[in-house]
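Residue numbering restarts at 1 for every chain, and letters A, B, ... go by the order of the sequence lines.
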Number of protein chains: 2
Amino acid sequence: MDMENKSFDTESARAQMRKSLLEYCTLLVIGQGEFYASDILNELKANNLIVVEGTLYPMLSRLKGSELLEYTWKESKAGPPRKYYRLTERGKHMLDQLKATWLELTLSINSLIKKYEKNN
Amino acid sequence: MDMENKSFDTESARAQMRKSLLEYCTLLVIGQGEFYASDILNELKANNLIVVEGTLYPMLSRLKGSELLEYTWKESKAGPPRKYYRLTERGKHMLDQLKATWLELTLSINSLIKKYEKNN
DNA sequence: CCCAGTACCTTGCATGAAAAGGTAGTAGGT
DNA sequence: ACCTACTACCTTTTCATGCAAGGTACTGGG
């Protein structure tokens, strides 16, 4: 293609918009029960959130290090054992906080969108 | 305080959630007309989006470099001249794209929130 | 003629997303 | 017994970017 060849192209902008919400979404997914990395990856992708292994594993380690997640090793029927993650109490608390922030953020941005549309 | 002394504390998580939406919000603000840096800073702060000069100036340069913004120098009554920014056609197009992405993202996350609440 | 106020910008650091590469367990074929 | 394919976990390296701090320059008032 000939357009969108600048550094700030549509796709990278779309991707970037989703970036910092990844931690929140990961906690939301895990909050539904017990999941291992591939499950989480699939759930996020099913929700149009692009993630790759190289992003997810360090993130899970970070969240575990902050005591928001814990895991249990479980045998697999086909392949190596898996780490099944779930939320800690601390993680549930954080999720509540993040939800509140998300709602505020949604209000702010929707209000900006309305203002913008009035002027166009 | 005694709690929240881990690396992943509530405030930094809240701040981080807002981070990657800054470019979008900046475009939304400028889309309303012509603004210079302090205007933009105030508008964003009024909408609960924390920004500082050291973030905004490089971002404006980046957006201008990607031809999403353009500016005009205007005299000020009290102080040095100001750069008044406005959207280019390309910028308006990008804003439409970002709005679509934002709406999709909102749907995805709200659906995840509902799923989470069913399980808790 | 200095100083306070405003406006623009740069430098340096820390964080974190992503690509690529690495280790190891299991299963199935020969 | 060995090789290959598949799956799962993790690390290393690179790059982008948010932010604190510091720097330059124009204006007007005392």
Integer-rounded Å distance: [N] [atom2] and [X] [atom1]:
X     : N      : atom1 : atom2 : answer
A/W73 : C/dA24 : CH2   : P     : 13 Å
A/K45 : C/dA18 : NZ    : P     : 11 Å
B/Y71 : C/dC9  : OH    : C1'   : 11 Å
A/M59 : D/dT11 : CE    : P     : 15 Å
A/R82 : C/dA24 : CZ    : C1'   : 15 Å
A/R62 : D/dT11 : CZ    : P     : 13 Å
A/E23 : C/dA18 : CD    : P     : 12 Å
A/K83 : D/dT7  : NZ    : P     : 20 Å

Counting only side-chain N and O atoms of A/Y57, is one of them less than 4.0 Å from OP1 or OP2 of D/dC10?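 So the side-chain polar atoms of A/Y57 never come under 4.0 Å of the phosphate oxygens OP1 or OP2 of D/dC10.
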Does A/Y36 make a side-chain N or O approach to OP1 or OP2 of D/dA8 shorter than 4.0 Å? yes
For every nucleotide of nucleotides 23-30 of chain D, 5' to 3': is a protein heavy atom under 4.0 Å from its base (B), only from its sugar-phosphate (S), or from neither (-)? ---BSS--
Quick test of your reading of the model: are A/K114 and A/E117 salt-bridged, counting only N-O distances below 4.0 Å? no
If only side-chain N and O atoms count, and only distance matters, is there a donor-acceptor pair under 3.5 Å linking B/S66 with B/R90? no
Just to verify, what does A/K64 make a side-chain hydrogen bond (donor to acceptor under 3.5 Å, both in side chains) with, not counting sequence neighbours? none
Side chains of residues 45-61 of chain A: which donor-acceptor pairs under 3.5 Å do they make with residues two or more places apart or in other chains?
residue : atom : partner : partner atom : Å
A/N47   : ND2  : A/E43   : O            : 2.9
A/S61   : OG   : A/Y57   : O            : 3.2

Partner set under side-chain contact (heavy atoms from CB on, under 4.5 Å) for B/S76, not counting sequence neighbours: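 Listed in chain order: B/R82.
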Just to be sure I understand the rule, does A/S61 reach a base, reach only the sugar-phosphate, or reach nothing, if contact means heavy atoms closer than 4.0 Å? nothing
Can you name the ring pair (Phe, Tyr, Trp, His ring centres under 6.0 Å) partners of B/F35, sequence neighbours left out?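 B/F35 satisfies ring pair (Phe, Tyr, Trp, His ring centres under 6.0 Å) with no residue once adjacent residues are dropped.
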Apply ring pair (Phe, Tyr, Trp, His ring centres under 6.0 Å) to A/Y84 and list each qualifying residue two or more places apart in sequence or on a separate chain.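 Result, ring pair (Phe, Tyr, Trp, His ring centres under 6.0 Å) vs A/Y84: A/Y36.
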